[in-house]
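Counting convention: from 1, in listed order, for ligands and their atoms alike. Heavy atoms only: backbone and side chains are in, while hydrogens, waters and symmetry mates are out.
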Amino acid sequence: MAKRTSKPARAAGPGLRTLSVHGGVRRSQFGETSEALFLTSGYVYDSPEQAEGRFKGENEGFIYSRFGNPTVSMFEDRMAALEGAEAAWGTATGMAAVFAALACQVKAGDRIVAARALFGSNRYILDEILPRWGVKVTLVDGRDLGAWAKALRRPAKIVFVESPSNPTLEIIDIAAVAKLGHAAGARVIVDNVFATPVLQQPLKLGADIIVYSATKHIDGQGRVLGGAVLGTKEFCDKELKPFIRNTGPSLSPFNAWVLLKGLETLALRVEASSKAAAQIADFLAAQKGVERVLYPGRADHPQFELAAKQMSAFGTVVTFDLKGGKAAAFRMLRKLKLIAISNNLGDAKSLITHPATTTHQRLDPAERQRVGIGEGLVRLSVGLEDVADLERDLAQALAGA
Ligand SMILES: *Cc1c(COP(=O)(O)O)cnc(C)c1O
């Protein structure tokens with residue numbers, strides 16, 4: 001595997017691992033070591049005057065867990081600390097984060113420019129829901145700066161990208177696209193699920209808003225759904241908060257507590273799985289039945305240089321194409337013993353899926369072809385097992401396919 005040359009500089013202050021463990025902690029009067037789980041929907045007031053004052057915003061305190069809870073706040077503050085964001089909001093799922101980040105700020109007539117290669121549900125929001133509400137959506141080849149420049153010659157409200165993209169691991173030049181987006185008057189939203197704050201920090205590259213599915217690496221152990229939106233305090237207070245407060249895609253305190261514990265080991269897990277993924281990508285490239293391997297850390301990835309510039313390692317997902325299309329892919333999936341068939345990713349357990357028939361089934365075949373999702377394409381999310389065991393499992397399954 002080719003090595004990256006320089007690490008993005010971090011601002012002075014606590015490091016990412018320290019923030020992952022200590023960020024946002026607020027202890028109760030009991031001085032507990034671990035974050036407290038405030039599993040409560042509401043809060044009581046000392047007096048009607050206090051309740052009145054709190055609704056008017058004159059005194060600090062929680063009102064209702066749809067829009068504020070101490071455990072959820074700890075998760076939000078830790079996420080914001082990791083990204084260097086002014087503010088963050090937790091959401092029930094990653095899709096709730098994506099939808100809230102978009103819907104809180106668009107109105108009929110606004111224009112969104114987005115990369116074409118996106119997670120299936122992100123595409124659904126942009127292809128089906130927002131156009132129904134009069135929002136215009138232009139999709140471009142996210143790898144082509146000329147296409148971005150052309151699409152952003154006209155004003156836009158939002159630029160939306162995913163990098164690396166799901167499942168073809170396309171890399172977007174976040175700094176360059178942010179510059180073009182800002183010149184067109186747009187805010188730039190990055191879905192940073194595949195990179196995590198450990199490997200890529202989009203705000204430092206010029207993005208304005210980050211969205212996460214916390215279900216993936218942030219939990220990392222396949223337990224709960226969750227999400228987060230990060231941005232400026234002004235955006236979060238004035239646009240995002242009223243939307244979430246009044247429409248209710250809120251994060252459960254229980255899930256926030258699980259995610260806080262997940263964040264403590266995020267860097268260790270993502271670094272270990274990324275290292276394993278890089279090894280497995282090279283291993284797969286040498287296998288007979290494999291047509292091509294997509295991994296941004298391999299020198300044969302067309303955007304290796306760009307990935308090395310904006311990421312500190314190349315991620316936990318390896319995508320590869322099998323000779324023999326869907327039949328070969330299904331034969332291999334059936335033969336796997338250790339690696340499980342699942343459309344989830346970012347888990348301690350290695351998981352594999354066939355995007356054309358699962359996550360990206362909704363796209364018509366021509367559009368699937370256009371975004372590079374062939375019938376023989378499989379997406380492997382590398383977990384925390386011994387690499388030798390994963391390679392043995394892949395080798396025997398490929399031999400059978
Ligand atoms: C999974 C995923 C989402 C959606 O997250 P959920 O928590 O499943 O709602 C959004 N974007 C990307 C890139 C994802 O992989």
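Every atom of ligand 1 with a heavy atom of Asn166 under 4.0 Å away is listed here by number and element: 15 (O). Listed by number with element, the atoms of ligand 1 under 4.0 angstrom from any heavy atom of Phe194 are 15 (O).
At the top of the distance list for atom 14 (C) of ligand 1, counting protein heavy atoms only, stands Lys216 NZ, 3.0 Å. The single protein non-hydrogen atom nearest to atom 9 (O) of ligand 1 is Met95 N, 2.9 Å, given as residue, atom name and distance.
Judged by the 6.0 Å distance and 45° axis criteria, Lys216 is positioned over the aromatic ring of Phe119.
No donor-acceptor pair under 3.5 Å is formed between the side chain of Thr138 and the backbone N or O of Ala151. Within the 3.5 Å criterion, the main-chain N or O of Asn255 finds a donor-acceptor partner in the side chain of Ser252.
With Thr93, Thr359, Asp191 as candidates, the residue nearest to atom 13 (C) of ligand 1 on a non-hydrogen basis is Asp191. Of the options Val317, Leu225, Leu345, Thr215, the smallest heavy-atom separation from atom 7 (O) of ligand 1 is shown by Thr215.
Taking a cutoff of 4.0 Å between a charged side-chain nitrogen and a carboxylate oxygen, Lys323 and Glu291 do not qualify as a salt bridge.
The part of Asn122 lying near ligand 1 is the side chain, judged by heavy-atom distances below 4.0 Å.
Considering backbone and side-chain atoms together, Gly94 places an N or O closer than 3.5 Å to an N or O of ligand 1.
Side chains of Asp282 and Gln279: no donor on one and acceptor on the other come within 3.5 Å. Remark: the Asn192 side chain and the Gln200 side chain contain an N/O donor-acceptor pair separated by less than 3.5 Å.
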